[in-house]
Amino acid sequence: MAEKKPTLPTAYHPKEAEEKWYDYWLEGGYFQAGKHPEREPFTIVIPPPNVTGNLHIGHALDNTIQDILIRWKRMEGFDALWLPGMDHAGIATQARVEARLREEGTTRHELGREKFLEKVWEWKEHYAQIIRNQWRKLGLSLDYSRERFTMDEGLSEAVRQVFVRLYQKGLIYRGKYIINWDPAAQTALSDIEVIHKEVEGKLYHMLYPLKDGSGHIRVATTRPETMLGDTAVAVHPDDERYRDLIGKTVILPVVNREIPIIADHYVDPEFGSGAVKITPAHDPNDFEMGLRHNLPQILVMDETGRMNTKAGPYKGLDRFKCRKQIVKDLQEAGVLIEIENHTHSVGHSERSGAVVEPYLSTQWFVRMKPLAEQAIRNAQSDQGVKFVPERFEKIYLHWIENIRDWCISRQLWWGHRIPAWYCEKCGEVIVATENPTECPKCGCCDLKQDEDVLDTWFSSGLWPFSTLGWPEETESFKRYYPTDVLVTGYDIIYFWVARMIFTALEFTDTKPFQDVLIHGLVRDSEGRKMSKSLGNGVDPMEVIDQYGADAMRFMLSTGSTPGNDVRFHWERVEAARNFANKIWNASRFALMHLEGVKAQDISLEGPLSTADRWILHRLNETVEHVTSRLSRYDLGDAGQVLYHFIWNELCDWYIEFAKLPLYGEDEAAKQSTRSVLAYVLDQSLRLLHPFMPFITEEIWQHLPVEGDSITIAKWPSSRAAFADSKAVHDMEVLIETIRSVRNIRAEMDVPPKKQIDLLIRSDNETLSAFQDNEAAICRLCGVNRLQVGPSIDRPDRSMTAVVTGAEIFLPLEGLIDIDQTISRLEGELKKLDKEVERVEKKLANQGFIQKAPAHIVDEERKKGQEYRDKREKVRNRLKELKGE
RNA sequence: GGACGGUUAGCUCAGUUGGGAGAGCACCUGCCUUACAAGCAGGGGGUCGCAGGUUCGAGCCCUGCACCGUCCA
């Protein structure tokens, strides 16, 4: 039990509170799942951040959303598990470590595989610690006892199992195909790791001479250097222009190789000259055509993107330098006859940014069709994963419906080694979960494991179940799987979400999560994507340092709607910080008046004031509203409703009303006000806790409440006894009245401290609201003499205003400005005329009366009556004023 | 080329079965009022991108168009 102090210091210091309470939570073990086996589990697995470096503001958004959900569910009484972990991030991490090595004047090849991996593991440990510390700063309620890493022993075992089972099922194969090659990272990539960008390039038109000397055939290409690997020229079989040339031979310029002219339906006669050069080793379409026509595949580049020996005189040149050189040479030879500007799409590596080279290479692939079909069937059934917002399901489905085989081997060292071995003697391929010692075919013991590792996403695709112990049928797996909700950005739906779904369906026979909550990106204040090159990134740690974690969390979570991007504005963080401070000061006020009050002293039974009953009613509605919005993942709306309730209702009105009894002499009233204040504050803090965990704990620990921590306090529920429509009506009238008086005072330049008289003539219905709250009205309007009654006479020379159910008079001797009063009332009259006209027009419409729902019509009638009443009073006042 | 998202107050954005246009920030005026100047009180500000349609009634539903953005090919 934390020590409970009666009062708070005058200013809120986020840093101290954050450190203190995070330690307290960890010591109390509040984030550890499994302590209450009788409770229903609720599970989220964190999208594992890469161990490449620090968390960015996008992680802060993603993690805050999850923390809000998990803290809410924990308070609702679930056995809440939020499982932390990190991703080894093959290419990215290896690239970072290699860059470090370069600075140190060495390379991974000099170090050797084993030594290099030791370095990477050191790197990983270093950054894992940084990331854990950042999670702590964000206030995340993660169960650290279950932290996982994609290259843990258990997760690696899962990877092997999946690989082997897919292989045995014929869903993994090895073969020589055109893949996307990243010459900078020197590895193969999958299709989605290639970013297509529109680039202004050139289209080069060349003439290939016919061997028989009868002329030329014209071809065009954007990559002239690939001509060195051409093994044919293709035309459409029905193309009249070239019919006679099919079967003839052309001489490939520069290299002087003879290649055939072939016919293939794939060629588009409309594009360019209608004849295309075919390079089977450097273009996916040419590759397919090459297979159909048995063409040789000539690879003219090496892994670094430089021309190889097959490129003859260009050997050793970088591909782009070679392009320049070959263009020059071809021009001189008169072969290159035209260079046209041409905008086309060029693939770039998602990681290194290098231009991706379509490249013939032997790689491992996952056969996607059967897996995709399973996923599509699941999506079409009522067992499908629910996407929030829904539209992302279409995006996911479209991708999975058009999916191609997945290249999973990477020419890296950092990652899961492919569990395949090759027999040096007979060439047999052995795929196994356990390292084999001899070849099952020939018995030879000289086996060599595949050098390559798997795509990082191959292991992250197993994350929801591998982290819970799969393939073992562990207790955790049985209890917490499938998980409840996955929270992630729309940018990794294909990379990650889709892959988790189809692997889960294949290996666990169920979807990996019930719901997927998709959020957008955090952009800079101008809407640009944050990037290192622009230098417009915002470091979440800096935000926390300046404004506190609660402020940042509140800003991020309430600033967006599901699926949409959020712009980062420092002013909005500041506004959130101000909100925290508002709560802080309201709580200071409350605690000043709660000295000596204990939890058991709190009773809501006593006679309650209008304001008491009103705030309890509003609390009820707020509880319902916040809870229902959270359950729909509408965190932004939930947060804003809370903001409004706490600031504009609890602070602006309730506390102001409460000051009267709290500073007064009536002990009974004082006691009940204290109880209501303590209760409403306690409940409000609970509702706010998922959004602002630190400040709510700090304050809550000072309140007269039972319990060790707000993190495990019970989530509020609405109480039927608090429903009180009379209190709502009365309070609305009081607020309207007080505002009217303040408004007149401001308009008449009555000094704030000057006490004035006020008379209220009220209908019987509303009379009690005024009578019961005379002291409050006086206090909040600066009134020293107040008269309330059904038949109050209007004093001469007084300002007047009309409110719902009442007329108010302010005798302001010496201050009266008749003209100003008249113009104000005339403005009011104009507004009311418009309203009455609008309502009457609506009610005169037979269509509306007949077709609109009865309660809507009734409401309109009621409104119309109110407007007419009010208008009548305004008219009378004006008549009197003008008659004077 | 296909699909999706956006267009609402000066700025950033809410607006959920279609039923009297909202918030925060910014702006103007007055206040150190015994929780809070990171505050309090009062105030101004919008033909909801354009054009049609459905409906008693459209910011919301339908069609077309314009501009901005994203994804896919």
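Note on naming: letters A, B, ... go to the chains in the order of the sequence lines (proteins, then strands), and numbering restarts at 1 for each one.
Rounded to whole angstrom, the span from the CZ atom of A:R588 across to the C1' atom of B:A38 amounts to 13 Å. The nearest whole Å value for the distance from the CG atom in A:D637 to the P atom in B:G15 is 8 Å. At whole-Å resolution of the value, CZ in A:R391 and P in B:C72 are 15 Å apart. Atom CD of A:Q640 and atom C1' of B:A23 are 6 Å apart (whole Å). Across the protein-nucleic acid pair, A:M555 atom CE and B:C13 atom P stand 10 Å apart, rounded to whole Å. Between A:E747 atom CD and B:C28 atom P the separation is 20 Å, expressed in whole Å. Rounded to whole Å, atom P of B:A73 lies 10 Å from atom CD1 of A:I192. When rounded to the nearest whole Å, the span between NE2 of A:H398 and P of B:C72 equals 11 Å.
The side chain of A:N578 sits closest to B:G39 out of B:G39, B:G24, B:G15. When distances run from any side-chain atom of A:R577 to the nucleotides B:C4, B:A38, B:A14, the shortest one goes to B:A38. When distances run from any side-chain atom of A:R739 to the nucleotides B:G42, B:A73, B:U70, the shortest one goes to B:G42. Distance from the side chain of A:A575 is smallest for B:C25 among the nucleotides B:A73, B:G19, B:C25. For A:F848, counting side-chain heavy atoms from C-beta on, the closest listed nucleotide (B:G19, B:G24, B:G42) is B:G19. Comparing B:C13, B:G30, B:G19 against the side chain of A:P752 picks out B:G30 as the nearest. Which of B:A41, B:U70, B:U12 sits closest to the side chain of A:D652 comes down to B:A41. Distance from the side chain of A:I856 is smallest to B:G19 among B:A14, B:C40, B:G19.
When the side-chain nitrogen and oxygen atoms of A:K582 are compared with OP1 and OP2 of B:C40, one or more of them lie within a distance under 4.0 Å. Within the structure, a side-chain polar atom (N or O) of A:N743 is placed less than 4.0 Å from OP1 or OP2 of B:G43. Within the structure, every side-chain polar atom (N or O) of A:N564 is placed at least 4.0 Å from both OP1 and OP2 of B:C13. Considering only side-chain N and O atoms, A:R745 lies nowhere under 4.0 angstrom from the phosphate OP1 or OP2 of B:A41. In this model, the phosphate group of B:C40 is approached by a side-chain N or O of A:W647 to a distance below 4.0 Å at OP1 or OP2. Close to B:A37, at under 4.0 Å from its OP1 or OP2, lies no side-chain N or O of A:N581.
Residue A:E656 is in base contact, counting any heavy-atom pair closer than 4.0 Å across all strands shown. Within the 4.0 angstrom heavy-atom criterion, base atoms lie near A:E835. Nucleic acid contact class of A:F392 (heavy atoms, under 4.0 Å, all strands): none. Residue contacts for A:D491: at a heavy-atom cut-off of 4.0 Å it reaches no nucleic acid atom on any strand shown. Contacts of A:S525 with the nucleic acid, taken as non-hydrogen atoms under 4.0 Å apart, are absent.
Under a cutoff of 6.0 Å and an axis angle of 45°, A:R499 and A:W406 form a cation-pi pair. Cation-pi check for A:K582 over A:Y643 is not met; the charged atom does not lie both under 6.0 angstrom from the ring centroid and within 45 degrees of its normal.
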Quick one: side chains of residues 386-398 of chain A, donor-acceptor pairs under 3.5 Å with protein atoms, not counting sequence neighbours, listed by atom name and distance.
| unit_1 | atom_1 | unit_2 | atom_2 | d |
| --- | --- | --- | --- | --- |
| A:R391 | NH2 | A:N564 | OD1 | 3.4 |

Run the side-chain donor-acceptor check on residues 832-842 of chain A: report pairs under 3.5 Å with partners two or more places apart or on a different chain.
| unit_1 | atom_1 | unit_2 | atom_2 | d |
| --- | --- | --- | --- | --- |
| A:D833 | OD1 | A:R871 | NH1 | 2.9 |
| A:E835 | OE1 | A:R838 | NE | 3.4 |
| A:E835 | OE1 | A:R838 | NH2 | 3.4 |
| A:E840 | OE2 | A:R868 | NH1 | 3.0 |

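B:G69 sits 46 Å from B:C31 when the C1' atoms are compared, rounded to a whole Å. Across B:G10 and B:C48, the matching P atoms stand 13 Å from one another, rounded to whole Å. Nucleotides B:C25 and B:A41 have their P atoms positioned 13 Å apart, rounded to a whole Å. To the nearest whole angstrom, the two C1' atoms, one in B:U12 and one in B:G64, are 30 Å apart. The separation of B:G46 from B:A26, taken at their C1' atoms, amounts to 16 Å, rounded to a whole angstrom. Rounded to whole Å, the separation between the P atoms of B:G45 and B:A37 comes to 31 Å. Comparing the P positions of B:C13 and B:A3 gives an interatomic distance of 27 Å, to the nearest angstrom. Rounded to the nearest Å, the gap between the C1' atom of B:A51 and that of B:G15 is 24 Å.
Projected onto RNA chain B by closest heavy-atom contact, A:K842 and A:Y643 fall at different nucleotides, the more 5' of which corresponds to A:K842. Comparing A:K529 and A:H644, the nucleotide of RNA chain B nearest to each residue sits closer to the 5' end for A:H644.
Here the side chain of A:E18 pairs a donor or acceptor atom with the backbone of A:A549 at under 3.5 angstrom.
When both distances must be under 3.5 Å, the Watson-Crick or G-U wobble mate of B:C40 is B:G30. Across all strands shown, B:G49 pairs with B:C65; the Watson-Crick or G-U wobble distances both stay below 3.5 Å. When both pairing distances are held under 3.5 Å, B:G10 makes a Watson-Crick or G-U pair with B:C25. Pairing of B:C71, defined by two Watson-Crick or G-U wobble distances under 3.5 Å, is identified with B:G2.
When all heavy atoms are compared, the tightest approach of A:R779 to A:K659 is NH2-CD, 3.1 Å.
For A:R528, the CZ atom is densely surrounded, since the number of other residues' heavy atoms within 6.0 Å is greater than 12.
For B:A41, its base never sits under 3.5 Å from the side chain of A:R742 at any donor and acceptor pair.
Between A:W570 and A:F568, the distance from one ring center to the other falls under 6.0 angstrom.
In this structure the side chain of A:Q755 never reaches within 4.5 angstrom of the side chain of A:V783, judged on heavy atoms.
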